[in-house]
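Note on naming: letters A, B, ... go to the chains in the order of the sequence lines (proteins, then strands), and numbering restarts at 1 for each one. Treat the numbers as computed from the prediction; the structure is a model and nothing was measured.
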Amino acid sequence: MLHGGVFEEDSSSQSIPSSEKGLGGAREKKLEQRHRVAFITKSEIEVMDDGYKWRKYGKKPVKNSPNPRNYYKCSSGGCNVKKRIERDRDDHSYVITTYEGSHNHYSPFTVYYNQMPPNAWT
DNA sequence: CGCTTTTGACCCGCGC
DNA sequence: GCGCGGGTCAAAAGCG
């Protein structure tokens, strides 16, 4: 496990290991998650707000980790993006954030940053 | 008032 | 054929 590493996977070429097992949410099994990005951040808190609104919709304990796994979903309009937050079992100081899907709307933070002129920061 | 959060229960697919 | 695992959803309550 590389600490502070970022993983970007494309389901189009990368076959999901047994981890997915093709099972997972039987309901969304039909939905193709084309974008999967895992971020590893060293932080004691998982309060990583990217500008989107995340609504926690589930909690489940993991065998390989004494810590539970948190499931978040984007509550933006028409936004079906899901976010998975888990703690590293080797170093609970590290937080693994996995994003699935793409936002149907721009991030409030992105728009704000886009409309914010560079000289405005002075 | 609106939205968010929390727990429990349910469902499906695969394995043996 | 049955069981297990994993994931999601539902409802309710609390808070700002």
Side-chain angles (χ1 to χ4, degrees):
Chain A
M1 185 73 78
L2 298 173
H3 301 313
V6 181
F7 297 95
E8 292 189 47
E9 297 183 37
D10 272 82
S11 61
S12 52
S13 61
Q14 282 292 324
S15 52
I16 285 69
S18 53
S19 304
E20 290 289 335
K21 253 198 295 193
L23 196 273
R27 283 187 182 83
E28 302 212 15
K29 170 196 73 167
K30 299 173 83 172
L31 295 176
E32 296 183 33
Q33 293 128 10
R34 25 188 79 196
H35 191 191
R36 221 164 59 167
V37 191
F39 288 94
I40 299 185
T41 309
K42 183 178 189 302
S43 203
E44 301 177 26
I45 38 183
E46 65 254 7
V47 59
M48 307 191 290
D49 189 6
D50 351 30
Y52 294 107
K53 286 303 178 222
W54 300 99
R55 166 186 152 253
K56 196 194 305 199
Y57 76 88
K59 234 178 4 198
K60 285 282 287 207
V62 183
K63 282 179 159 222
N64 289 323
S65 296
N67 313 303
R69 181 179 278 173
N70 299 305
Y71 296 87
Y72 286 86
K73 203 184 207 167
C74 187
S75 74
S76 299
C79 207
N80 57 305
V81 180
K82 287 182 285 187
K83 186 158 100 178
R84 178 182 307 163
I85 295 179
E86 186 184 344
R87 290 200 198 270
D88 192 299
R89 90 158 173 93
D90 292 320
D91 294 286
H92 66 87
S93 306
Y94 292 86
V95 180
I96 302 173
T97 309
T98 308
Y99 292 87
E100 294 185 8
S102 305
H103 294 281
N104 289 317
H105 66 99
Y106 291 97
S107 166
F109 185 78
T110 302
V111 176
Y112 181 71
Y113 184 80
N114 221 351
Q115 297 190 341
M116 181 61 79
N119 59 349
W121 285 93
T122 53

Who are the side-chain hydrogen bond (donor to acceptor under 3.5 Å, both in side chains) partners of A/Thr97, not counting sequence neighbours?
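Result, side-chain hydrogen bond (donor to acceptor under 3.5 Å, both in side chains) vs A/Thr97: none returned.
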Work out which heavy atom in A/Ser75 is nearest to a heavy atom in A/Arg55; give both atom names and the distance.
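Here A/Ser75 and A/Arg55 meet closest at CB-CB, 4.2 Å.
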Which atom of A/Arg87 lies closest to which atom of A/His92, heavy atoms considered:
CD-O, 3.9 Å
Are side-chain heavy atoms of A/Ile85 and A/Trp54 found at a separation under 4.5 Å?
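Sidechains of A/Trp54 and A/Ile85: no contact.
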Any chain of hydrophobic side-chain contacts (each under 4.5 Å) joining A/Val37 to A/Tyr52?
yes
Pairing residues for A/Tyr71 by the ring-ring contact (aromatic ring centres under 6.0 Å, His included) criterion, not counting sequence neighbours:
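With neighbours one apart ignored, the set is A/Tyr57.
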May I ask you to evaluate whether A/Lys82 reaches the phosphate of C/dG7, defined as a side-chain N or O under 4.0 Å from OP1 or OP2?
no
OP1, OP2 of C/dG6 versus side-chain N and O of A/Arg69: anything below 4.0 Å?
no
Taking OH from A/Tyr71 and P from C/dA10, how many angstroms apart are they, rounded to a whole number?
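Distance, rounded to whole Å: 17 Å.
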Check nucleotides 4-6 of chain B against the protein and report each pair of N or O atoms closer than 3.5 Å, with its distance, or say if there are none.
{"unit_1": "B/dT4", "atom_1": "OP1", "unit_2": "A/Ser75", "atom_2": "OG", "d": "3.2"}
{"unit_1": "B/dT5", "atom_1": "OP2", "unit_2": "A/Lys56", "atom_2": "N", "d": "3.0"}
{"unit_1": "B/dT6", "atom_1": "OP1", "unit_2": "A/Lys56", "atom_2": "NZ", "d": "3.3"}
{"unit_1": "B/dT6", "atom_1": "OP2", "unit_2": "A/Lys56", "atom_2": "NZ", "d": "2.4"}

When rounded to the nearest 0.5 Å, the distance separating OG1 of A/Thr98 from CZ of A/Phe39 is 9.5 Å
Of all pairs that satisfy salt bridge (Lys or Arg N to Asp or Glu O under 4.0 Å), the ones with a partner from residues 56-72 of chain A, not counting sequence neighbours
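The answer is A/Arg69-A/Glu86.
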If you restrict it to nitrogen or oxygen atoms, what contacts under 3.5 Å exist between nucleotides 13-16 of chain C and the protein, and what is each distance?
none

